[in-house]
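Here is the structure we will look at.
Order of the sequence lines fixes the chain letters, A, B, ..., with proteins taken first and strands second; residue numbering starts at 1 for each chain.
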There are 2 protein chains.
Amino acid sequence: MKIGDLEKQSGISAHTLRYYEKSGLLKPSKRGDNNYRHYSNEDLITAKFIKRSKACGFSLAETSSLLAIKTDKSQHVCAEAKAITHNKLQEIEEQIQRLEQMKETLSKLHHYCCGGQESAEFCSIISALEEGE
Amino acid sequence: MKIGDLEKQSGISAHTLRYYEKSGLLKPSKRGDNNYRHYSNEDLITAKFIKRSKACGFSLAETSSLLAIKTDKSQHVCAEAKAITHNKLQEIEEQIQRLEQMKETLSKLHHYCCGGQESAEFCSIISALEEGE
DNA sequence: ATAAACCTTAGAGTATGGTTTAAGGTCAAG
DNA sequence: CTTGACCTTAAACCATACTCTAAGGTTTAT
């Protein structure tokens with residue numbers, strides 16, 4: 001499989017695939033005489049692994065750790081994978097909390113503002129930001 | 001007020017205040033003979049405005065638009081402030097949804113993995129990423 | 001008078017995850 | 001045999017929001 005084929009199969013752009021290689025995430029199994037990258041079926045699985053990992057919110061660094069486990073399963077234990085997952089879960093829950101807080105504040109601002117063509121002289125949004133807690 | 005005073009009063013570092021100036025968000029009302037920045041009380045209000053705006057999730061660019069309204073209220077209408085707020089609210093709701101989706105997926109992964117010292121050979125987290133939907 | 005604390009600037013560095021560019025080599029079809 | 005599609009590289013660029021550095025000038029307290 002050449003890089004363009006993997007692009008189609010995996011849905012990851014050739015540009016990004018090269019970037020992943022440079023980042024140590026996905027090296028093609030070999031290079032042709034013309035120096036073209038050749039990817040195996042296993043590489044396709046890895047590419048999809050990366051995609052799913054990213055969809056779960058894992059950074060490239062975290063994805064890299066997960067890949068290390070995948071690549072050499074017998075040298076790793078479940079606890080490692082679970083720890084990475086646990087950390088990410090916490091991180092995401094914290095992010096959600098922060099966003100929910102913002103949402104609440106914004107909802108109030110949005111609710112109280114008339115939103116009309118009146119001058120912003122007495123706009124409740126602007127006032128709140130000027131004098132807020 | 002010198003920059004160090006504003007730093008204390010506003011809780012925004014002097015470094016960041018200079019950065020905000022370069023970004024056009026907060027220019028000190030004047031410069032002394034020694035070229036030191038001098039901030040007025042109005043500047044302090046603006047600094048706090050920026051801080052609250054950021055706490056609501058507004059980017060510096062959006063904060064800049066809100067500041068333009070604040071600075072010249074009679075030339076702006078409520079609809080403008082409400083539109084900015086509305087967009088941000090939507091954006092945040094979308095972010096929350098994406099995160100909730102991740103959270104759900106991660107929760108399942110986390111739940112099914114034994115997390116023990118067993119070899120990762122049959123780790124459900126790794127398997128799910130390898131073969132997922 | 002001298003040391004600490006404060007101020008100035010331009011510019012580079014940090015982090016993340018790519019994207020784009022320039023300048024070129026290779027392959028397949030007609 | 002040429003045209004277009006595909007491949008190669010290193011390096012620069014994008015966005016966001018800082019953060020730090022270097023090299024220096026000023027102020028204040030003792």
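Between A:M1 and A:H38, the closest side-chain pair of non-hydrogen atoms is not below 4.5 Å.
Remark: of the listed residues B:E130, B:E121, B:E118, B:E130 is the sole one forming a salt bridge (charged side-chain N to carboxylate O under 4.0 Å, His left out) with A:K73.
Taking 4.0 Å as the cutoff to heavy atoms of chain A, we find the contact window on DNA chain D bounded by D:dC6 to D:dT9.
Residues B:S40 and B:K30 bring no donor and acceptor atom of their side chains to less than 3.5 Å of each other. In summary, the side chains of B:S124 and B:S127 do not present any donor paired with an acceptor at a separation below 3.5 Å, with no hydrogens or angles considered.
Taking the charged nitrogens against the carboxylate oxygens, B:R98 and B:E104 have no contact shorter than 4.0 Å, which rules out a salt bridge. Using a cutoff of 4.0 Å between basic side-chain nitrogens and carboxylate oxygens, B:E21 and B:R31 are scored as salt-bridged. Comment: B:E7 does not engage B:R37 in a salt bridge, judged by the lack of any side-chain N to carboxylate O separation of less than 4.0 angstrom. The residues B:E91 and B:K88 are annotated as salt-bridged, a charged nitrogen and a carboxylate oxygen being separated by less than 4.0 angstrom.
Among residues two or more places apart in sequence or in another chain, the side chain to side chain donor-acceptor pair (under 3.5 Å) test is passed with B:T85 by none. B:H76 is linked by a ring pair (Phe, Tyr, Trp, His ring centres under 6.0 Å) to nothing, counting only residues two or more places apart in sequence or in another chain.
Counting only distance, with no hydrogens or angles, the side chain of B:S64 and the backbone of B:L60 share no donor-acceptor pair below 3.5 Å.
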Pick out the pairs of N or O atoms, protein on one side and nucleotides 24-26 of chain C on the other, that lie under 3.5 Å.
{"unit_1": "C:dG25", "atom_1": "N2", "unit_2": "A:Y36", "atom_2": "OH", "d": "2.9"}
{"unit_1": "C:dT26", "atom_1": "O4'", "unit_2": "A:Y36", "atom_2": "OH", "d": "3.2"}

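DNA chain D is contacted by B:S59, B:L60 of residues 57-66 of chain B, taking any non-hydrogen atom closer than 4.0 Å. Proximity of residues 3-28 of chain A to DNA chain D (heavy atom under 4.0 angstrom from any strand atom) is restricted to A:I3, A:G4, A:R18.
Taken to the nearest 0.5 Å, the CD atom of B:E100 stands 10.0 Å off from the CD1 atom of A:I92.
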